[in-house]
Amino acid sequence: MTFDPDARIDSSRVQRSSGGRGRGIAVGGGLGGIVVVVIALLLGGDPSQVLGGLGGDAGTTQESGNGTIENCETGADANANVDCRVTATVQSLDQVWDAQLAAQTGVAYVQPDVQIFRGSVSTGCGNATSEVGPFYCPADSTAYFDTDFFQVLVDRFGSSGGPLAQEYVVAHEFGHHIQNQLGDIGRAQADPAGAESGAVRTELQADCYAGVWANRADDEPAPDGSEPLLEPLTDRDVADALSAASSVGDDRIQQASSGRVNPEGWTHGSSAQRQAWFTAGYRTGQVAACDTYSARNLDDPSSIR
């Protein structure tokens with residue numbers, strides 16, 4: 001999915017964090033250490049269980065300080081630069097959810113804060129390093145992105161490197177913010193693991209909400225005119241998003257890390273489930289199609305009661 005090259009971007013919407021100090025976390029080295037964090041945090045909800053529970057030294061941290069994203073003025077910048085792409089995607093998500101959340105649920109949309117960080121960052125859920133990847137913290141209603149992690153998705157997990165693969169990640173984290181607004185995000189903590197768990201249903205719902213955004217993104221007009229910020233999706237765009245969803249399925253990560261699949265340890269859902277729920281949101285554009293908590297069969301989004 002590409003942006004209208006002439007569309008204007010509000011770069012002040014996203015903050016850049018230069019790092020933070022405070023209690024460290026130990027992530028561990030190599031793929032195994034990252035997988036542990038990916039299962040708990042990648043495209044995930046509340047990172048406090050991991051951030052608060054991994055004592056130790058986080059390594060070198062940088063001085064705290066925030067600023068705006070620079071040199072992101074148009075859709076052409078978003079098509080060429082990953083930080084600008086995140087910024088423009090955030091703007092598109094704001095447009096879609098501002099129009100759709102109240103219309104479909106009666107709850108007025110409140111924009112989350114967004115930070116791009118490198119190295120480390122201090123959050124309302126604890127301190128995180130760049131090993132964590134993208135996550136949403138409900139304690140401070142902020143989505144955090146280390147955009148270098150998009151390449152990790154490609155190199156280590158086999159995701160497509162296409163634009164919508166990256167935009168899907170941003171949209172998924174915003175999906176957790178929508179859950180926070182609707183009062184559902186706590187269900188993940190109450191039932192944290194297993195193939196039918198609240199954690200899995202929470203993650204699959206965020207995938208579905210990302211699909212709702214993808215359905216609506218080329219319809220909502222940009223703030224500076226009547227034309228949408230994003231151009232219509234192509235089949236390749238959809239394939240990119242499905243590739244990203246598939247690459248972080250619990251079954252795929254477990255198979256790669258240990259050679260076996262154990263559904264009792266799932267927290268995000270299988271690759272097929274993640275693709276199916278994104279597709280359900282994309283095909284319908286409806287929040288109601290994303291009620292994973294009522295689904296009788298998580299392999300089949302049409303099984304919602």
Side-chain angles (χ1 to χ4, degrees), residues 1-17 42-43 68-101 109 111-117 133-136 141-151 153-154 159-178 206-224 227-234 236-245 248 278 281-282 285:
M1 178 180 278
T2 57
F3 292 88
D4 178 350
D6 297 322
R8 305 299 299 178
I9 298 173
D10 179 9
S11 61
S12 67
R13 176 67 179 89
V14 176
Q15 296 293 304
R16 185 187 300 282
S17 173
L42 176 62
L43 310 182
T68 59
I69 306 299
E70 298 179 349
N71 301 317
C72 295
E73 298 180 355
T74 68
D77 297 325
N79 292 333
N81 178 277
V82 66
D83 286 0
C84 297
R85 187 173 302 124
V86 170
T87 302
T89 303
V90 166
Q91 186 169 333
S92 174
L93 283 154
D94 285 341
Q95 292 170 302
V96 169
W97 286 117
D98 185 61
Q100 294 300 320
L101 188 62
Y109 173 66
Q111 294 181 357
D113 290 332
V114 181
Q115 286 194 28
I116 290 176
F117 72 97
F135 63 94
Y136 173 76
S141 297
T142 301
Y144 295 90
F145 301 95
D146 177 1
T147 54
D148 290 342
F149 200 81
F150 292 138
Q151 194 59 44
L153 281 178
V154 176
S159 170
S160 163
L164 194 60
Q166 299 171 359
E167 293 159 19
Y168 153 80
V169 173
V170 182
H172 178 105
E173 300 309 332
F174 266 62
H176 286 306
H177 178 67
I178 299 303
D207 285 332
C208 188
Y209 287 160
V212 171
W213 163 77
N215 173 280
R216 304 280 182 172
D218 59 354
D219 292 331
E220 297 296 336
D224 62 346
E227 296 299 317
L229 182 63
L230 279 155
E231 297 177 350
L233 269 71
T234 65
R236 176 60 183 271
D237 290 328
V238 176
D240 286 340
L242 293 176
S243 172
V248 288
F278 173 86
Y282 172 61

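Quick note: numbers below take in every heavy atom, side chains included, and nothing from hydrogens, waters or symmetry partners.
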Taking all non-hydrogen atoms of both residues, which atom of [X] and which atom of [Y] are closest, and how far apart?
X	Y	answer
D218	L233	OD2-N, 3.9 Å
I69	C72	CG2-SG, 3.4 Å
T87	I9	CG2-CG2, 3.8 Å
H172	A210	N-CB, 3.9 Å
A88	F3	CB-CE2, 3.4 Å
L230	E167	CD2-OE1, 4.4 Å

Side-chain touch [X]/[Y], heavy atoms, less than 4.5 angstrom:
X	Y	answer
Q95	Y109	no
P163	D240	yes
Y168	L242	no
F174	D94	yes
E173	F145	yes
T74	R8	yes

Checking side-chain polar atoms at under 3.5 Å, does T234 have a donor or acceptor matched by the opposite partner on D237?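 Yes, side-chain donor-acceptor contact under 3.5 Å.
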Which distance, rounded to the nearest 0.5 Å, do you find between the [atom1] of [X] and the [atom2] of [Y]?
X	Y	atom1	atom2	result
Q115	T142	CD	OG1	6.0 Å
D6	L229	CG	CG	11.5 Å
H177	S141	NE2	OG	6.0 Å
R85	S92	CZ	OG	13.5 Å

Report the residues that fulfil salt bridge (Lys or Arg N to Asp or Glu O under 4.0 Å) with D83, sequence neighbours left out, ordered by chain and then residue number.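 R16, R118.
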Between the side chain of [X] and the main-chain N/O of [Y], is any donor-acceptor distance below 3.5 Å?
X	Y	value
R216	G285	yes
Q91	D10	yes
D77	E73	yes

How are the rings of F135 and F117 set relative to one another: parallel (under 30°), tilted (30 to 60°) or perpendicular (over 60°)?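 Rings of F135 and F117: perpendicular, as their planes differ by over 60°.
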Parallel, tilted or perpendicular, judged at 30° and 60°: which one describes the rings of H176 and Y136? parallel
Using side-chain contact (heavy atoms from CB on, under 4.5 Å), reason through R13 and V114 one step at a time and then give a plain yes or no. CA-CA 7 Å; R13 176 67 179 89; V114 181; 4.0 Å; yes
N215: which residues meet the side-chain contact (heavy atoms from CB on, under 4.5 Å) condition with it, sequence neighbours left out?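 Result, side-chain contact (heavy atoms from CB on, under 4.5 Å) vs N215: Y282.
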When you look at W213 and I178, which way does the side-chain contact (heavy atoms from CB on, under 4.5 Å) test go after all the steps? CA-CA 11 Å; W213 163 77; I178 299 303; over 6 Å; no
